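Note that the numbering runs from 1 along the sequence shown for the chain. The structure displayed is predicted, hence computed values, not measured ones.
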Amino acid sequence: MVDLASQLNALERAITRMGVRVVEEELPDEAAIDGGLCTVGNERVLYVSPNAPPWRRAEVLLGALRRLPNEDVWLPPEIRGLLERRYCGDAGDPLLGSSDEAKR
């Protein structure tokens with residue numbers, strides 16, 4: 001099983017290989033999100049709050065990866081499984097470290 005740091009690294013590498021620029025930027029409080037994928041001009045950009053805990057950062061990266069054509073990008077089997085699962089729920093995707101204890 002891959003640790004959360006390795007998952008984050010794999011997710012970010014996959015997204016950047018797909019031509020998306022990852023930007024760590026403080027998002028306005030009223031946005032009430034930790035990041036998101038958007039298009040700025042002709043460029044795809046994924047904004048991620050630098051204050052987001054690692055498990056939330058992983059959720060933002062995974063959410064962006066789900067929105068992109070990822071079939072031809074190599075991903076560790078564990079992450080590929082998360083993409084295919086399309087898990088939805090209050091607890092978020094079952095990434096390593098995203099248990100209730102890790103969120104506290």
S.K.: Give the table of side-chain donor-acceptor pairs shorter than 3.5 Å for residues 36-43, with sequence neighbours excluded, one pair per line with atom names and distance.
M.R.:
| unit_1 | atom_1 | unit_2 | atom_2 | d |
| --- | --- | --- | --- | --- |
| Glu43 | OE1 | Arg21 | NE | 3.4 |
| Glu43 | OE1 | Arg21 | NH2 | 3.1 |
| Glu43 | OE2 | Arg21 | NE | 2.9 |

S.K.: About how many Å separate CD of Glu59 and CG of Leu62, when rounded to the nearest 0.5 Å?
M.R.: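 Going from CG on Leu62 over to CD on Glu59, the span is 8.0 Å.
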S.K.: Give me the atom names and distance for the closest heavy-atom approach of Ala64 to Leu46.
M.R.: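 The pair with the smallest heavy-atom distance is CB-CD1, 3.7 Å.
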S.K.: Identify all side-chain donor-acceptor contacts of residues 10-20 below 3.5 Å with residues at least two apart in sequence or on another chain.
M.R.:
| unit_1 | atom_1 | unit_2 | atom_2 | d |
| --- | --- | --- | --- | --- |
| Glu12 | OE1 | Arg57 | NH2 | 3.0 |
| Arg13 | NH1 | Asn9 | OD1 | 2.7 |
| Thr16 | OG1 | Glu12 | O | 3.1 |
| Thr16 | OG1 | Arg13 | O | 3.0 |
| Arg17 | NH2 | Trp74 | O | 3.1 |

S.K.: A side-chain contact here means heavy atoms from C-beta on lying under 4.5 Å apart; do Ser49 and Glu26 qualify?
M.R.: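 Yes, their side chains come closer than 4.5 Å.
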S.K.: How would you list all residue pairs meeting salt bridge (Lys or Arg N to Asp or Glu O under 4.0 Å) that involve residues 44-53, not counting sequence neighbours?
M.R.: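 Qualifying pairs: none.
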S.K.: Go through the structure and list residues passing side chain to side chain donor-acceptor pair (under 3.5 Å) with Glu71, not counting sequence neighbours.
M.R.: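 Result, side chain to side chain donor-acceptor pair (under 3.5 Å) vs Glu71: none returned.
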S.K.: What's the shortest heavy-atom distance between Leu8 and Pro54, and which atoms?
M.R.: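 Closest approach of Leu8 to Pro54: CD2-O, 3.8 Å.
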S.K.: Would you name the heavy atoms of Leu65 and Asn70 that are closest together and state the gap between them?
M.R.: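 Minimum heavy-atom separation between Leu65 and Asn70: O-ND2, 3.0 Å.
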S.K.: Might you point out which heavy atoms bring Glu24 and Pro50 nearest each other, and give the distance in Å?
M.R.: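 Where Glu24 meets Pro50 most closely, the heavy atoms are OE1-CB, 3.6 Å.
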S.K.: Return the minimal non-hydrogen interatomic distance between Ala58 and Leu4, and the atom names on each side.
M.R.: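 Closest approach of Ala58 to Leu4, heavy atoms only: CB-CD1, 4.0 Å.
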